[in-house]
Amino acid sequence: MAATHIVLLGPPGAGKGTQAVRLAQHLGVPHLASGDLLREEVKRGTALGLKAKGYMDRGDLVPDSLIIEMFMGRLDGAKGFVLDGFPRNLVQAQLLDTAVKVERVIHVKVPKEEVIARSIARRVCESCQRPYNLISSPPKKENICDNCGGKLVQRNDDSKEVVERRYNGQYQSEINGLLNYYSPKNKILREIDGRRPIDEVFQEILRQIEN
Ligand code: AP5
């Protein structure tokens with residue numbers, strides 16, 4: 001039987017969000033993306049959003065206390081999930097384990113040069129958050145979401161400088177701790193090559209959650 005409690009790890013722009021949407025639809029489970037939830041808080045101007053915005057715009061991790069407050073309650077009673085962007089460090093991974101049983105952790109590996117190129121060309125729907133790419137997956141109509149007709153925008157943190165900072169800072173400094181944490185755990189960790197086309201990456205993820 002396929003795993004249904006899934007965590008996606010990877011650098012900024014690796015394709016976690018792209019794959020998480022498909023995977024969640026395929027499995028019929030919720031897709032929970034900490035970055036999307038934070039951007040929603042920023043858009044609504046909540047106290048949490050106001051506190052988080054500076055960290056996000058600079059490309060730094062938002063403090064654990066804010067993320068945990070926002071994220072953990074959403075897992076209550078979940079019969080399955082695809083987590084995208086959470087956990088981001090050891091503290092978050094350990095906390096997650098106190099609430100749910102993670103069945104598979106997929107690390108989508110993509111080199112820095114490629115994630116910078118992808119992120120600069122990324123556009124997202126401001127209504128439904130669906131990601132597009134001006135090079136690899138453009139919308140059918142310029143600047144309009146195929147899914148909901150919403151307007152496509154560029155994220156504040158998708159400049160070359162900020163993506164480099166997210167890659168060198170939050171990703172490089174936390175990923176080894178997460179990989180070490182998950183690798184001895186009943187072989188739930190799988191590493192896949194995220195440089196391939198979107199459909200091929202998806203097929204590989206499906207193989208990895210089946211066995
Ligand atoms: P978050 O929104 O999670 O950003 P991220 O991890 O940097 O990941 P991205 O959303 O940039 O990329 P992705 O891997 O989802 O790629 P996508 O599918 O869009 O976090 C933003 C900020 O919030 C953080 O910097 C931090 O401040 C804060 N934050 C979030 N979670 C936190 C946490 N737990 N703790 C603390 N702080 C937290 O794809 C990218 C582009 O490539 C798209 O244009 C897509 O169309 C294209 N693409 C995808 N796959 C392929 C492919 N195979 N080939 C070619 N193009 C592709």
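Whatever order the structure lists them in is the order used to number ligands and atoms, beginning at 1. Given the structure is predicted, the values throughout are model-derived calculations rather than measurements. For reference, positions follow the sequence shown, starting with 1.
Side chain of Gln154 to backbone of Ile120: a donor-acceptor contact under 3.5 angstrom is found. A donor-acceptor contact shorter than 3.5 Å is absent between the side chain of Lys109 and the backbone of Pro11. A donor-acceptor pair is defined here as one N or O able to donate and one able to accept, closer than 3.5 Å; no such pair exists between the side chain of Asp57 and the backbone of Asn156.
Within the 4.5 Å cutoff, no side-chain heavy atoms of Ser119 are placed close to those of Tyr167.
With Glu174 as reference, Asn89 is the one residue of Asn89, Leu179, Leu9 to meet the side chain to side chain contact (heavy atoms under 4.5 Å, CB included) rule.
Under 4.0 Å from any atom of ligand 1, one finds heavy atoms of residues Pro11, Pro12, Gly13, Ala14, Gly15, Lys16, Gly17, Thr18, Ser34, Gly35, Leu38, Arg39, Met56, Asp60, Leu61, Val62, Ile67, Gly85, Phe86, Arg88, Gln92, Arg118, Arg122, Pro131, Tyr132, Asn133, Ser136, Ser137, Arg155, Asp157, Arg166, Gln170, Gly194, Arg196, Pro197, Ile198.
Smallest separation of non-hydrogen atoms from Asn147 and Cys128: ND2-SG, 3.4 Å.
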